[in-house]
Protein chains: 2
Amino acid sequence: MDVARAAGVGKSTVSNVLNGTGRVGEAARRRVLDTIEQLGYQPHQGARSLRSRRTMRLAYLMPPIQLEPTNLIMMQFLQALLTAAAGQHYGVLVVPEAADPSDDIRRLVADRSVDAFVLSELQPADPRAELLHRLGMPFVCFGRTDRRGRLAWVDIDDAAGVADAVAHVIGRGYRRPGYIGYEPRTYWDAEREAGFRAGLAATATATARATDGDGAGVLRLADDATARASIRSFLVSARPDAVLTGSDKIAVIVYGAAAELGLRIGRDLAVVGFDGSVGATLLSPRLTSVVMPVEDIASRVVERAQLLIERGPGDPPGEILPTWLREGQSTTGPAA
Amino acid sequence: MDVARAAGVGKSTVSNVLNGTGRVGEAARRRVLDTIEQLGYQPHQGARSLRSRRTMRLAYLMPPIQLEPTNLIMMQFLQALLTAAAGQHYGVLVVPEAADPSDDIRRLVADRSVDAFVLSELQPADPRAELLHRLGMPFVCFGRTDRRGRLAWVDIDDAAGVADAVAHVIGRGYRRPGYIGYEPRTYWDAEREAGFRAGLAATATATARATDGDGAGVLRLADDATARASIRSFLVSARPDAVLTGSDKIAVIVYGAAAELGLRIGRDLAVVGFDGSVGATLLSPRLTSVVMPVEDIASRVVERAQLLIERGPGDPPGEILPTWLREGQSTTGPAA
DNA sequence: TGCTACTGATGGAAGGTTCCACCAAGTCTA
DNA sequence: TAGACTTGGTGGAACCTTCCATCAGTAGCA
């Protein structure tokens, strides 16, 4: 270690300065820092991780792109995750998730390539989570998991988000809100739909039946191919004057269907999206959407990962972050 | 190394088996492989890179998400890059590109964290490329650079892609094709526009003035905010019956503007996108688009990176891949 | 003074690979 | 059969850190 020689100190002292370990006097610290600056010295990652068993790396299992612009929000999350990790001096190894990711996971763990994993799009009894748990590798999930207890996750309050949106459109004067989401496959499909019903119930009692009973009801989409047609007939038969949706992507399709039916967005039909993806702001009129705070989520995920790495398990398992409503022109108020 | 002991061979032999170096007899090789399998042994990445000066990692500088769904294609590229790299046993460290990425670059290089860099969205005289070149770190660019000579890049034939698209719409019977792109900022903005003119010239001579002279002309967009309005007035004043665009994203805006003007896509106005992003296939009618082969690009990028790492510079600097036209319903033929 | 406790700093060991020089045994050649 | 070459294989050094035991010096205290 030539920095040590140049600074006239022992190599351990340099190491201690760099890692904040041990005791170092002010004079020595200064001298070491100066020579480091001067020589542009950077510790060798490999040697460091070999000895310290820390890589300062996270692995992110990146879900494959489906044929859905939905994933734009996942890209925003990725970006936020990378930035948050960088802020804590972690690098992120992004791993494309194969059909069966277990081999990749096992390799990365045995490899000692990373200190922790980040998972997203959790499924009930997620096999990736099970495997990581078995291997004793720390990991944090974006999205809940139903494993009771130990696992660390960060999620948003899907139900409250939609309920807020219901309150918003009611407040704007719409009277027959409906909900369009997916056939519940994931946790949040169900959660958002439940949020709609809850929001409806809340306003119905609070404002003495501001809405007529169940509103315009709920549409559950089976797949993307038939989505547009289903939405059209829902708009015709249920006659909602406002539509809450399970994602910005669905909102986009609603825009298309409304255009075909000659409905003016905002006036004849309010539309609220979910995600707050940047793409949705390009719609005209601009889409009101329930925004999930990807930056906050990412920060918390990284912080929790760091805690797991440094102190091991022990924190409260889950954590729920609030959403907020970004108002566009798609919910300005019904036609007089 | 307990594998060596378990297999009853020297540790060098295990290393040789693993890396295909040195000479190993068939019997010993079998024995080693068996014990490795049995013990589930994986070499420690840190130790490996410490000694061999190879990390089997690439760094990808990820450009920040602008407010553009354009970037969906960059997400597809990212996915393709990760997959291609994994195929060659490389992991990818994705680094969010800061306003000034030079510190991050320097750190990663001094760190010995990666073997090579991958850059995208190259600019003329790109400072990142300059820096990496100076530091002696191998790197491959997706997109051309104007540094003469040494740099490795992979790109598509933008001009030919648009020219093909011109030929396609002419072949379908449209007679006044126009082009909508951006004010040329990058290499490919200019290239695609040039491809339009070239395509026009080619069909004009080949089919004895199938088109009327310059077609409907060219519109250059300054920014996204005013894009929709500019496009509307272009459609009204220039009266094209077909529009080639510089990106799928512009095509989406054209769809919107056409709807406002009561133009039926495909019949009254043909539209061709550029990128072949998956999102564009969700448009209705489905968008015809010049597809850039992201998987091929990514494979070539990774292969070239590997060559640079293993053999150093020496290969021909650049490499151009062809595009192809994915036909949708946006160019079926003009109204009779 | 003699003992403990603390501070600041040190050199050597260890961590798990790959690389290198070398070796034993067998094969070929003159 | 001596010498050269080939094949299959070996152990030790090196890679660059961090960790640990230890030490010299100083201060505190009875």
Side-chain angles (χ1 to χ4, degrees), chain A residues 1-36 39-57 89-91 106-115 309-310, chain B residues 1-36 38-57 89-91 107-115 309-310:
Chain A
M1 192 185 272
D2 34 359
V3 172
R5 216 175 323 107
V9 299
K11 56 193 152 94
S12 318
T13 303
V14 175
S15 176
N16 284 333
V17 170
L18 241 35
N19 300 298
T21 62
R23 278 189 280 263
V24 183
E26 197 45 43
R29 152 166 288 117
R30 276 236 103 46
R31 215 139 24 93
V32 168
L33 287 177
D34 284 354
T35 31
I36 281 176
L39 271 57
Y41 166 78
Q42 287 282 131
H44 186 296
Q45 266 306 320
R48 188 169 250 205
S49 82
L50 171 59
R51 184 70 241 235
S52 71
R53 312 198 143 278
R54 284 280 152 78
T55 62
M56 297 307 282
R57 300 261 123 92
H89 307 288
Y90 278 89
R106 250 184 270 267
R107 190 172 38 71
L108 285 166
V109 171
D111 240 2
R112 310 273 130 190
S113 287
V114 297
D115 296 334
I309 292 166
E310 290 173 3
Chain B
M1 192 185 270
D2 34 359
V3 172
R5 214 174 327 104
V9 299
K11 55 191 151 94
S12 319
T13 303
V14 175
S15 177
N16 284 332
V17 168
L18 242 34
N19 301 297
T21 62
R23 277 191 281 263
V24 183
E26 196 45 44
R29 152 166 287 118
R30 275 235 105 47
R31 214 136 27 91
V32 169
L33 287 177
D34 283 355
T35 31
I36 282 176
Q38 204 175 321
L39 270 59
Y41 165 78
Q42 288 280 130
H44 186 295
Q45 267 305 322
R48 189 170 248 204
S49 81
L50 171 59
R51 183 69 242 232
S52 70
R53 314 195 141 281
R54 285 281 153 77
T55 63
M56 296 310 281
R57 301 260 124 93
H89 308 290
Y90 277 89
R107 190 174 37 72
L108 285 166
V109 171
D111 239 1
R112 310 272 130 190
S113 286
V114 297
D115 295 335
I309 293 165
E310 290 172 3

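Computed from a predicted structure; not experimentally measured. Residue numbering restarts at 1 for every chain, and letters A, B, ... go by the order of the sequence lines.
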Output the rounded distance in Å from [atom1] ([X]) to [atom2] ([N]).
X      : N      : atom1 : atom2 : value
B:D111 : D:dT17 : CG    : P     : 10 Å
B:R54  : D:dC15 : CZ    : C1'   : 15 Å
A:M56  : D:dT17 : CE    : P     : 16 Å
A:R5   : D:dC16 : CZ    : P     : 12 Å
B:Q42  : C:dT17 : CD    : P     : 10 Å

Any side-chain N or O of A:S15 below 4.0 angstrom from OP1/OP2 of D:dT18?
yes
Taking only side-chain N and O atoms of A:Y41, does any of them lie within less than 4.0 angstrom of OP1 or OP2 on D:dC16?
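For D:dC16, neither OP1 nor OP2 has a side-chain N or O of A:Y41 closer than 4.0 Å.
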For A:R30, I'd like to know if atom CZ has over 12 heavy atoms of other residues, nucleotides or ligands within 6.0 Å.
no
For A:Q45, answer base if it contacts any base atom (sugar-phosphate contacts may also be present), sugar-phosphate if it contacts only those atoms, and nothing otherwise; contact means non-hydrogen atoms under 4.0 Å.
nothing
State, with a plain yes or no, whether a side-chain heavy atom of A:S49 is found less than 4.5 Å away from one of A:M56.
no
May I ask you to test the A:S113-A:R107 pair for a side-chain heavy-atom distance under 4.5 Å?
no
Sequence-aligned protein contact record of nucleotides 6-15 of chain C, with B where the base is within under 4.0 Å of a protein heavy atom and S where only the sugar-phosphate is:
-BBSBBBBBB
Please name the pair of heavy atoms, one in A:L18 and one in A:P43, separated by the smallest distance, quoted to 0.1 Å.
CD2-CG, 3.8 Å
A:T55: which residues meet the side chain to side chain donor-acceptor pair (under 3.5 Å) condition with it, sequence neighbours left out?
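Once residues adjacent in sequence are excluded, the partners of A:T55 under the side chain to side chain donor-acceptor pair (under 3.5 Å) criterion are A:D115.
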Work out how much the helix from C:dT1-D:dA30 to C:dA30-D:dT1 bends between its end axes, five pairs an end, to the nearest 10 degrees.
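Terminal axis comparison yields 40°.
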To the nearest 0.5 Å, what is the distance between CZ (A:R57) and CG (A:L108)?
12.5 Å
Nearest 0.5 Å, please: how far is CG in A:L50 from CZ in B:R51?
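Here the rounded value is 12.5 Å.
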Hey, is the main chain of B:R31 close enough, under 3.5 Å, to the side chain of B:T35 for a donor-acceptor pair?
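Yes.
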Taking B:R54 for its side chain and B:I309 for its backbone only, find out whether a donor-acceptor pair lies under 3.5 Å.
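Between the backbone of B:I309 and the side chain of B:R54 there is a qualifying donor-acceptor contact (under 3.5 Å).
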